[in-house]
Amino acid sequence: MRYVEVNGARVSAIGVGTWQFGSKEWGYGPEYARTTAAAIVNRALDLGVNLVDTAEIYGMGASERILGEAIASRREQVFVASKVFPILPIAPVVEWRAVESASRLGVSTIDLYQVHWPNPLFPTRPAMHAMRRLQQIGLVEHVGVSNFNLVQWRLAERMLGDRVLTNQVQYSLVARKPDAELVPWAQANDRIVIAYSPLAQGLLGGRYDLDNPPPPGVRANNVLFLPDNLERAQPLISALREIAAAHGATPAQVGLAWVIRRPNVVAIPGASSVEQLEANVAAADLDLTDAEDARLTAESDAFQPTRGVAALPGLLAARRAASQPEPADSTPASDSVPDPNR
Ligand SMILES: NC(=O)c1ccc[n+]([C@@H]2O[C@H](COP(=O)([O-])OP(=O)(O)OC[C@H]3O[C@@H](n4cnc5c(N)ncnc54)[C@H](OP(=O)(O)O)[C@@H]3O)[C@@H](O)[C@H]2O)c1
């Protein structure tokens, strides 16, 4: 495993995202929450991963609880990152939520505590003052933000009066916005960008196309999985496949290797199985050439999916189709375990 070291923090280039743990929207079912999730965390730690990311909102606390149980006997091996959902980001609420998260996680210090989203209705100052107090009493080691633009990140630092070590943002071959400002700034100023959805929620695994769309759930709301966009993504997926073949790797591994090739960037892919986790960890040892990197970047530039308002009719059509009763002889579109609660 490769690590990124900044300001006393040492985090693995590949971490584990745990939104999937206990969350109905991913549809992985109770067995995944009961056993696979802990197995994923333990295998990750065995392989040298230390960064594990969760949030109070994932599964309404279930993800933190599952993670807490999984790491109970290996606490010192884990860099635990969680997030406060800033629905009311005033200082007492943020402080109380941190205590609740630490309790679910079974830790006395949260290594990285992040504000999940900027709240446009509230100033940043109270949340950052709470963060500072949480650091002073030792409940939080490092402070981070998530989904903040550069102006908001720097403002958060001013309000904290110290370094906001990380910004967790969507970053992958199909989400390149951080290239413009966040990544260069992190590199120039000893900060870390944590790339979420680094596999574009599985799109970059190359498993999904028009004939094999992902199962319903969280991806029904992701415009990248609309038929039109799945088709437009094929040249990029083909490039991933070809480069993967040259390395004896998979498209997903190449997609992750592209992300973490950027200095000061780490990725936190989620996984639906231990095998996926193992493959994702191995991506840390995959060395792309400059030419391969440039080819992927060019294919990524050329990929222009339908997004925003233009994608709304497609999303509505997909939802209508998903709500139609399935024919009696239909088979599931993937091998994911369906969630009986969905
Ligand atoms: N801060 C935020 O606002 C925010 C937002 C989103 C996510 N996050 C964090 O980032 C983490 C990762 O993001 P994400 O879960 O949205 O997307 P992701 O990591 O891009 O995609 C995860 C999904 O990709 C598939 N996959 C994983 N490894 C694979 C492999 N080796 N080969 C093929 N397919 C593979 C799996 O789905 P299938 O097997 O079902 O296809 C898995 O559930 C989350 O768990 C969460 O911790 C944060």
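Computed from a prediction, not measured in an experiment: that's the story for all the values here. Whatever order the structure lists them in is the order used to number ligands and atoms, beginning at 1. Every heavy atom of this structure was used, including side-chain atoms; hydrogens, water molecules and symmetry mates were not. In this chain, numbering begins with 1 at the start of the sequence shown.
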Using a cut-off of 6.0 Å, state whether more than 12 heavy atoms not belonging to Met60 lie near its atom CE.
no
When you measure from the heavy atoms of Ala200 to every atom of ligand 1, does any distance fall below 4.0 Å?
yes
Option whose closest heavy atom lies nearest to atom 38 (P) of ligand 1, chosen from Tyr28, Tyr196, Trp26, Trp117
Tyr28
Taking Leu226 as the starting point, is it possible to reach Ile237 by hopping between hydrophobic residues whose side chains are less than 4.5 Å apart?
no
Those atoms of ligand 1 less than 4.0 Å from some heavy atom in Gly17:
11 (C), 44 (C), 45 (O), 47 (O)
For Ala311, is there any backbone N or O sitting under 3.5 Å from a side-chain donor or acceptor partner on Thr306?
no
Over 60° means perpendicular and under 30° means parallel, so classify the ring planes of Phe21 and Tyr32, tilted if in between.
perpendicular
Test of understanding: clusters of I, L, V, M, F, W, Y form through side-chain heavy atoms closer than 4.5 Å, transitively. Do Val107 and Val11 belong to the same one?
yes
Test your reading of the structure: does Tyr208 have an N or O sitting under 3.5 Å from an N or O of ligand 1?
yes
Between Gly270 and ligand 1, is there a nitrogen or oxygen pair with a distance under 3.5 Å?
yes
First locate atom CG of Leu88, then atom CZ of Phe122, and finally report the distance between them rounded to the nearest 0.5 Å.
4.5 Å
Proximal atoms of ligand 1 relative to Ile268 (non-hydrogen, under 4.0 Å)
9 (C), 10 (O), 11 (C), 12 (C)
Report the distance from atom OG1 of Thr124 to atom CZ of Arg154, rounding to the nearest 0.5 Å.
14.5 Å
Mode of Leu277 contact toward ligand 1 - side chain, backbone, both, neither (heavy atoms, under 4.0 Å)
neither
Roughly how far, to the nearest 0.5 Å, is the CD1 atom of Ile137 from the CD atom of Glu95?
7.0 Å
Nearest heavy atom to atom 29 (C) of ligand 1 wins, so pick from Gln253, Gln201, Gln276.
Gln276
For ligand 1, note which part of Asn147 has a heavy atom under 4.0 Å away: side chain, backbone, both or neither.
side chain
Numbered in order shown, the ligand 1 atoms found under 4.0 Å of a heavy atom of Asp53 are 9 (C), 46 (C), 47 (O)
Between Arg219 (side chain) and Gln201 (backbone), is there a donor-acceptor pair under 3.5 Å?
yes
Ligand 1 N/O within reach of Leu199 N/O, cut-off under 3.5 Å
yes
Where ligand 1 meets Gly202 - atom numbers and elements under 4.0 angstrom, heavy-atom basis
21 (O), 24 (O), 25 (C)
Select one of side chain, backbone, both or neither to describe which atoms of Arg219 lie under 4.0 Å from any atom of ligand 1, heavy atoms only.
side chain
For Ser272, the ligand 1 atoms whose distance to one of its heavy atoms is below 4.0 Å:
38 (P), 39 (O)
In this structure, CG of Leu67 is separated from OG1 of Thr54 (nearest 0.5 Å) by 6.0 Å
Counting heavy atoms under 4.0 Å, the part of Gln114 that contacts ligand 1 is neither
If we number the atoms of ligand 1 from 1 as shown, the ones under 4.0 Å from a heavy atom of Ala252 are 30 (C), 31 (N), 32 (N)
Neighbour count above 12 (heavy atom, 6.0 Å) for Arg295 CZ:
yes
Applying a 4.0 Å heavy-atom criterion (strictly less than), which segment of Lys83 is in contact with ligand 1: side chain, backbone, both, or neither?
side chain
A quick test of your reading: do over 12 heavy atoms of other residues, nucleotides or ligands sit less than 6.0 Å from CD1 of Ile87?
no
I'd like to know whether ligand 1 has Asn280 as a neighbour, heavy-atom separation below 4.0 Å.
yes
Which of the ligand 1 atoms, numbered from 1, are nearer than 4.0 Å to a heavy atom of Pro269:
19 (O)
Hey, could you give me the CD1/CG distance between Ile71 and Leu105, rounded to the nearest 0.5 Å?
6.0 Å
Structural part of Arg207 in contact with ligand 1, heavy atom criterion under 4.0 angstrom
side chain
Ser197 and ligand 1 - part of the residue with a heavy-atom distance under 4.0 Å
both
With heavy-atom distances below 4.0 Å as the criterion, list the atoms of ligand 1 near His116.
1 (N), 2 (C), 3 (O)
